[in-house]
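Here is the structure we will look at, set down as structure tokens.
Whatever order the structure lists them in is the order used to number ligands and atoms, beginning at 1. Bear in mind the structure is a predicted one, so any value in this text is a computation, not a measurement. Below, each value reflects all heavy atoms present in this structure, side chains not excepted, and no hydrogens, waters or symmetry copies.
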Amino acid sequence: MSFSFCIPCLFGLEGLVADELRRMDIEDVRPENGRVFFSGVAADCANVNLNLRCGERVLLELGSFPAAGFDALFEGTQALPWADFLPRDAAFPVTGYCLESKLFSVPDCQRIIKKAVVEQMKTRYHLDHFPETGTEYRIRFSILKDRASLFLDTSGVALHKRGYRPAHTEASLRETLAAAMVKLSRYKGKGDFCDPFCGSGTIAIEAALAALNRAPGLSRGFAAEQWPFFGKSIWEEARNKAIASEYHGEYRIFASDIDPHAIQIAKENAGRAGVAGLITFEASDASSFSRRTERGVIVTNPPYGERLLDRQQAEEIYRAFGSAMNRLPGWQLYLLSSHPEFERCFGTPSDKKRKLYNGMIQCYLYMYFRQRSSF
Ligand SMILES: C[S@@+](CC[C@H](N)C(=O)[O-])C[C@H]1O[C@@H](n2cnc3c(N)ncnc32)[C@H](O)[C@@H]1O
């Protein structure tokens, strides 16, 4: 049986998510703004949840219809086959968003959708009140340009939460964005890889996971594993297949930060991710960044400086790092910053830049990949 799925992702990552899906032999991949649709069978749902590096969730689409008013939203929702998926004790919280639509009140839409799902379930289960004491089937909706789409969230906790980083880490890059930066650098385990502003180690850890070809979701669970209509076996098969596809090579991944406490946290995170042995950590100042090898790739996320004083400090860091890079013309650099003057401070215009969003902050990934005699 074929289903329609949707993967929400950070703006700017749609093409990378689509590429990841195609590499998993998924056909009918359709990227849109901030999300990517595809058609697939139940096993694809398990494989994608487990293996996707750059997407946020895997949503099972139940239907999509025009909804310029509450009546249309109610009727369209009620017409979908909820009771085919949700058992009588299912917990089904509703979350979603409205964009560029006549319906704009999210709480009102949540209420209408909930009521419509209940009405539809009543016809199957003949209950007046649903206890919602069982497994969670979170309903997600989007109302975009007066068109409603309704989904069941098969992932549960968002996919960027791989399970290796505790919730309290500050100023860390989202794991999906770090994985996307590694992907854009084309690092797959060959040669030297460095992050000289590593903070909690996310980029180096994602590079190590990519080098090993380790499924990023291997040490976590997914909501739909508890759903009887998909069955348990697809998840077990997906995990076994992922483990069998891992590589076991020698890797040269280095991560440093000026703050020894950050290094301590990064080491602990790498330990939880099972890649501590693959990364060499060091407390050091990127102003004196140097390497012995002629070539390699740096993927990094230095401070941006959101406030004025911090901004001046960030500029100093870019200048000093730019001078250090002058001694390493054979190295490629992929650097994420929201600072509008990054290239001027760093001292060299990038070969290419790509707009990416770190949460709500618009950034550029500055890419230096051409042969050069100096930075
Ligand atoms: C935006 S954070 C990096 C976050 C990281 N990508 C993560 O996911 O946790 C920038 C990091 O640069 C470090 N830093 C600031 N100045 C530095 C310098 N001169 N040399 C090396 N690291 C520096 C800070 O300690 C901070 O951890």
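Contact check on R22 versus D19 returns no salt bridge, with no Lys/Arg side-chain nitrogen under 4.0 Å from an Asp/Glu carboxylate oxygen. At a threshold of 4.0 Å, the pair R311-E341 does not count as salt-bridged, since none of the basic side-chain nitrogens sits closer than that to a carboxylate oxygen.
Atoms of ligand 1 lying under 4.0 Å from at least one heavy atom of P196, given by number and element, are 21 (C), 22 (N). Of all the atoms in ligand 1, the ones that sit under 4.0 Å from a non-hydrogen atom of T202 are 7 (C), 8 (O), 9 (O). The contact set between ligand 1 and C198, taken as ligand atoms under 4.0 Å from a residue heavy atom, comprises 5 (C), 7 (C), 9 (O). Remark: ligand 1 atoms within the under-4.0 Å shell around heavy atoms of S172 are 7 (C), 8 (O), 9 (O). The atoms of ligand 1 that sit less than 4.0 Å from any heavy atom of S200 are 7 (C), 8 (O), 9 (O).
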side-chain hydrogen bond (donor to acceptor under 3.5 Å, both in side chains) assessment of R372 paired with T348 = CA-CA 11 Å; R372 62 185 79 239; T348 314; 5.6 Å; no

task = Under the ring-ring contact (aromatic ring centres under 6.0 Å, His included) rule, what do W227 and F85 come out as? Steps first, then yes or no, please.
result = CA-CA 8 Å; W227 300 354; F85 294 91; 8.2 Å; no

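Nearest-residue assignment for atom 4 (C) of ligand 1 (options I317, N301, L173; heavy-atom criterion): N301. The option with the heavy atom closest to atom 24 (C) of ligand 1, from among D257, T300, D259, is D257. Across the listed options A178, A262, A286, G201, A286 owns the non-hydrogen atom lying nearest to atom 20 (N) of ligand 1.
Contact annotation for S284 and ligand 1: only backbone heavy atoms (N, CA, C, O) come within less than 4.0 Å of the ligand.
Some N or O of D285 is nearer than 3.5 Å to an N or O of ligand 1, by distance alone.
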Donor-acceptor contacts, no H, no angles, side chain residues 286-295, under 3.5 Å, sequence neighbours left out:
residue: S287; atom: OG; partner: D285; partner atom: OD1; Å: 2.8
residue: S288; atom: OG; partner: D285; partner atom: O; Å: 3.1
residue: T293; atom: OG1; partner: D192; partner atom: OD2; Å: 2.9

Let me check something: any side-chain donor-acceptor pairs from residues 315-324 under 3.5 Å, sequence neighbours excluded? List them with distances.
residue: E315; atom: OE2; partner: H339; partner atom: NE2; Å: 3.0
residue: E316; atom: OE2; partner: R319; partner atom: NH1; Å: 3.0
residue: Y318; atom: OH; partner: P303; partner atom: O; Å: 2.7
residue: Y318; atom: OH; partner: S337; partner atom: OG; Å: 2.9
residue: S323; atom: OG; partner: R319; partner atom: O; Å: 3.2

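With respect to L365, the side-chain contact (heavy atoms from CB on, under 4.5 Å) criterion is satisfied by exactly one of L336, L177, L335: L336.
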